[in-house]
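From a predicted model like this one, the values you see are computed outputs, not experimental measurements. In what follows, chains carry the letters A, B, and so on, assigned in the order in which the sequence lines appear, proteins first and then strands, with residues in each chain numbered from 1. Values below: all heavy atoms of this structure, side chains included; hydrogens, waters and symmetry mates excluded.
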Amino acid sequence: VTNRHIPRLHLIGPLGVVEPEQFIDVAAAAVRGGCDAVHLRLPGARTSEVLPLARLLRERLAGSGVTVLVNDRPDVALIAGCGGVQLPETGFSVADARLIAGEVLIGRSVHDDVSARDAARQEADFLVVGHIFDTGSKLGTPGRGLTWLHDISGATHLPVIAIGGITTERIPEVLAAGAHGVALGRELLMADDPEQTAREARGQIDTFLDERTATDAAD
Amino acid sequence: MTASTTTIDLRTGLRRYLITDARAGSVDELVRRGAAAIEGGVSAIQLRAKGWTDRQLLDAARELRTLCIASGTLFIVNDRVDIALASGADGVHLGVDDLPVADTRRLLGPDAIIGYSPETDDDRLAAEAAGIDYLGVGPVFGTATKADAGPAIGLDGLRRVVERTTLPVVGIGGVTIENAPLAIEAGACGVALVGAIFFADDPAAAARRLREALP
């Protein structure tokens, strides 16, 4: 079992939902509200767009304790000095990513238990698993649901970060299904007040963990 | 970098330079066409397959890398420094939209080959100062492969860059087996081709004809 600290409240963006520059502000607000990981995900973007944004993000969030993860690109993470890489199912192996980016936090996105076990064998630090609920970013593909999340969370020892249509209200049931934490995209990117939304999400996580600790103690 | 082929004289290695294309459709087909071109005598291969997944790129890179080591062919990866590192490529080829040259050099080390396609003279000078090893210059002739390549600079444009730089220059853009010798006459050490070899009915035969034209 990993001894790394695995963040529990992840922001993922800009995803084409907000402008790249705006994403820096949303990320800063979300981190003030309690996000402890920010994933830079710009599907289809040129390297010349991703690298400056990764650098800006890291500089803006320096000193906050948050981990900035670059999606797909271990070379960009290394050059920008980011603390992590998030690998898609079709991306680098964990070993290759470590070879390039060094001892950074490495997450692997998976969509079934076979990929989850494969990621565990490769010693990923955590899994991003989804999508759990129906979401506007995956129209036409229904959410996989909490039972599925429970099964995949039990498939490996790796911490699972659940993603996809997760509102702050639903965080307790997601954690109860076995998730270590949650990743929010549109839920934070489109929030009127991302800091407040992140604070509510963090409150839900902390409350759930406190109650579980209390329950464990009572047993 | 394992760099087993970097001892090849760079100008010689860049002479017959094949660039792959995503329209091969699959890793197997890209590698098959690349292998045929190597058999026919290209001296360098650049893996370019825009839009492919990292896994596809890496699979193709590793297969091409193995073929290139066995044949003494230079192996260069377009844009992706991470793919170059993971596959042990001889180097990367960068453009203005890719990773900065200085950062790339820091990651790949002093022995890696870094090529660069400048858009302006200032751009070229900055890249040279940052430590590139060769230039890709064009489009020399009109090109059908890259819609965004801009107007052709012609053989005069190619010659102008050759006169201003001490680095090896590879002519690119609309190069065919027929017009390739013209680019060499204009001072290029080599030519980069995509369609004329990669999409030829018989890439090995096309590469052989190129070798006859540019021995």
Rounded to the nearest 0.5 Å, the CG atom of B:D82 sits from the CG atom of A:L99 at a distance of 11.0 Å
Around A:H150, counting heavy atoms of other residues, nucleotides and ligands shown, do more than 12 lie under 6.0 Å from its NE2?
no
Among B:A86, B:P100, B:G95, residue most engaged with chain A (heavy-atom pairs, under 4.5 Å)
B:A86
Measuring heavy-atom distances to chain A, does B:R106 have an atom under 4.5 Å in its side chain, in its backbone, in both, or in neither?
side chain
With a strict 4.5 Å heavy-atom criterion, list every residue of residues 60-94 of chain A that contacts chain B, or say none.
A:D72, A:R73, A:P74, A:D75, A:V76, A:L78, A:I79, A:E89, A:T90, A:G91, A:F92, A:S93
Give the interface residues of residues 18-33 of chain A toward chain B, defined by a heavy-atom separation under 4.5 Å.
none
Any residue meeting ring-ring contact (aromatic ring centres under 6.0 Å, His included) with A:H10, in chain and number order, not counting sequence neighbours
A:H39, A:F126
Between atom CG of B:L94 and atom OG of A:S48, what is the distance when rounded to the nearest 0.5 Å?
11.5 Å
If you count every heavy atom of other residues, nucleotides or ligands that lies below 6.0 Å from A:E123 atom CD, does the total exceed 12?
no
Give the interface residues of residues 52-64 of chain B toward chain A, defined by a heavy-atom separation under 4.5 Å.
B:T53, B:D54, B:R55, B:L58, B:R62
With side-chain contact (heavy atoms from CB on, under 4.5 Å) as the test, would you mind laying out the steps for B:V81 and A:T47 before giving the verdict?
CA-CA 10 Å; B:V81 175; A:T47 307; over 6 Å; no
Heavy atoms only, distances under 4.5 angstrom: which of B:I83, B:V96, B:T104 has the most pairs with chain A? Name it, please.
B:I83
